[in-house]
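Here the structure comes first, spelled out in structure tokens, and everything after it is commentary.
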Amino acid sequence: MENEEILENNELTLDELQAKEMKEKTKFQKILDHVTCFLPIIVGFIAILEYKLVPNVPEFYNPKPNTYITFLLILMGIFFSLYVVSLFLKRKSFFNTVLHKAPLTAAVFAFLILYDCLTLKSNYLLYPFFPWFNDILNAMIGDAAFLLECSLNTLKLLFYGYFSGVLVGLITGIICGYSKKAEYWVDPLIKILGPIPTATWIPLIMVIASTLFKGCVFIVALGVWFAVTTATMTGIKSIDKAYFEAAQNMGCDSKQLIFKIAIPAAVPNIFQGMTQGMSSACVALMVAEMIGVESGLGWYIVWAKAWANYSKMYASIIIICIIFTVVTQTLAFIRRRVLRWQEGLVR
Amino acid sequence: MAAIELKLDHVSKSFAKKESKSVINVLQDINASFHENEFISIVGTSGCGKSTLLRLVAGFINPTEGKIIMNGEEVTKTEPNRGMVFQKPTLFPWLTVGQNIAFSLKAQGIYKENAERVDEMLELIGLADFKDEFPARLSGGMAQRVALARTIINQPDVLLLDEPLSALDAFTRMNMQDEVLAIWKLRKQLVLMVTHDVDEAIYMGTKVVVMDKNPGRISKIIPIELDYPRDRTSKQFVDYRIEILNTLHFGNK
Ligand SMILES: Nc1ncnc2c1ncn2[C@@H]1O[C@H](COP(=O)(O)OP(=O)(O)OP(=O)(O)O)[C@@H](O)[C@H]1O
Ligand SMILES: [Mg+2]
């Protein structure tokens, strides 16, 4: 039988298999790999030297000059420790990841060098619209408490809005995917409201909603609801009827058909809707904060700009960037985890 | 095995054809009676209503006229006691092999007291090492074996097989024929198996039902009086083949 053959293969470990299938690397290539891993460290040191040795534009006042250096050292430290850890791990895949990310990390340092040259060292990008990085970092640290509060507000809005949107979207999506009658009533609503960017409603909602917070949650949830509803609906409608028949034949009642077949089969679509909903939520949230709500990072940006404090503005943009990246990546991670069964099915 | 009687009593089935607003008579006046410990092979040209017949017995659809009676009770809906294995394996891709096999026990709420049956099934189909794999990782033959296990774990009195082996290559197919026969001999239930392959029908069946089309009907039921395991090259085997091919209008007489 087929499985005996596979059993024999199983005696190899995954690493051995990969090593067998890959061409043996030459000594030169191996050395090159390690040199590549050191690239970020080298470029990082160049960045420090550049910052220290090249004279600043004389008029610029640069208090607490060492923040930037500390920042660079921390980044380099993180990368270096990952590299060292990867040398001691038995699994080669971690080293490969480090190796893979090395040129990119080096490029980040190179960009920081370039940016420093264009701002602090030459004022080629005009101050105060383009503050140098040390200034941004200092602004971030100086206003840390307030930025944290704003971040928490943003996160709170995002989560309330996002999850209520997902929850309601799932319910309507499942009902409409299942029942022709429900679809009859909800579909036109989606067709008309769907294409309108949710931000359009902000001015109206700000007036109607009892509190700004609720209004903002609603705005965020609306776009998410739309994305999740349509995706879930399509997902459920496109399920192979054979799955339902097989399940019924195996003793499922109609409630079980929903929870054991319809929903799991639609999960890939649901995640697609959730990912799409997340990006629309981020957009809606920023716009809502900038226009109406008097808290959160979006509001902070407008506020900092009004005071012409561009360093603070960049600080909050960077934080927004980090938050949204982390949130999106977490979602993608969960998605990969849940959809493990698709491996080998798609691609 | 307790006595089983499956009776098809003047069963006809028509479908509405939406495009031409007409009605198509797929099956007309099917009469037959099958019992436990019988392995019924059903052959017939494409479109003669073989799948429709199985779907009627499974209870996915109801006859337009006539009745299907199982142990004295009319068949009106599908249930695990008449287990169906589809031509496509239709394993649930989001469940592992083990979970797929356990699915029906869980759906009926009898998993806890029967959990060991899942492992027995995995042993039976020789896929114990694949319990935690997802179906996407299985070969066609393995998937079809899991589909079979998933249905027979319910110990159905009637096992309905709709061309379960047609997607397999010739060697896997011959292995699987013996495996299915072994499963049938274990519990001596009633098996109805649709196939396109006349050799397979003779090799496996205690009876071969030959169907004709337009409208679909049973043209002949041929009992195969050969001992298992059957020799595909024996004189009697070849004679049966000629008889069936003639009934299907493919003979050279
Ligand atoms: N749900 C349906 N609605 C309308 N027509 C149908 C339906 N199911 C089957 N038919 C028609 O019934 C006829 C017989 O179909 P069936 O699938 O039973 O044939 P079959 O003998 O299994 O053919 P094959 O050997 O190709 O699988 C076909 O003409 C098909 O178009
Ligand atoms: Mg068919």
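Just so you know, these numbers use all the heavy atoms, side chains as well, and skip hydrogens, waters and symmetry mates. Every chain is numbered from 1 and lettered A, B, ... according to where its sequence line falls, protein lines coming before strand lines.
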Worksheet item: Can you tell which of Gly109(B), Ala147(B), Ala58(B), Gly83(B) has the highest number of heavy-atom pairs within less than 4.5 Å of chain A?
Response: Gly83(B)

Practice prompt. Count the heavy atoms belonging to other residues, nucleotides or ligands that lie under 6.0 Å from OH of Tyr160(A), then report whether that count exceeds 12.
Written response: no

Discussion item. Tell me whether Lys67(B) at atom NZ has more than 12 heavy atoms from other residues, nucleotides or ligands lying less than 6.0 Å away.
Written reply: no

Fill in: Heavy-atom side-chain proximity of Lys106(B) to Lys260(A) below 4.5 angstrom
yes

Item to complete: State the CE-OG1 distance between Met250(A) and Thr151(B), to the nearest 0.5 angstrom.
Response: 6.0 Å

Discussion item. Quick check against the 3.5 Å criterion: does Asn249(A) have a side-chain atom that pairs as donor or acceptor with the backbone of Pro80(B)?
Written reply: no

Worksheet item: Do the non-hydrogen side-chain atoms of Glu245(A) and Arg55(B) ever get within less than 4.5 Å of each other?
Response: yes

Practice prompt. Report, as yes or no, whether the 6.0 Å neighbourhood of atom OH on Tyr228(B) holds more than 12 heavy atoms from other residues, nucleotides or ligands.
Written response: yes

Worksheet entry | Crowding at CD, Glu73(B) (>12 non-hydrogen neighbours, <6.0 Å) | no

Practice prompt. Give the intermediate values and the outcome of side-chain contact (heavy atoms from CB on, under 4.5 Å) for residues Phe103(B) and Ile261(A).
Written response: CA-CA 11 Å; Phe103(B) 183 89; Ile261(A) 305 296; 3.8 Å; yes

Worksheet item: Sub-3.5 Å donor-acceptor pair from the side chain of Gln108(B) to the main-chain atoms of Gly251(A), do we have one?
Response: no

Discussion item. Given heavy-atom pairs under 4.5 angstrom as the criterion, report whether the side chain, backbone, both or neither of Asp253(A) touches chain B.
Written reply: neither

Worksheet item: So, do Trp341(A) and Pro135(B) sit near enough that their side-chain heavy atoms are less than 4.5 Å apart?
Response: no

Item to complete: Side chain from CB out, backbone as N, CA, C, O: work out which of these in Leu91(B) comes under 4.5 Å of a heavy atom of chain A, or both, or neither.
Response: backbone

Worksheet item: Counting heavy atoms not belonging to Lys17(B), are there more than 12 under 6.0 Å from its NZ?
Response: no

Worksheet item: By a 4.5 Å heavy-atom criterion (distance strictly below it), what part of Arg82(B) contacts chain A: side chain, backbone, both, or neither?
Response: backbone

Discussion item. Less than 4.5 Å apart, side chain to side chain, heavy atoms only: is that true for Trp94(B) and Val267(A)?
Written reply: no

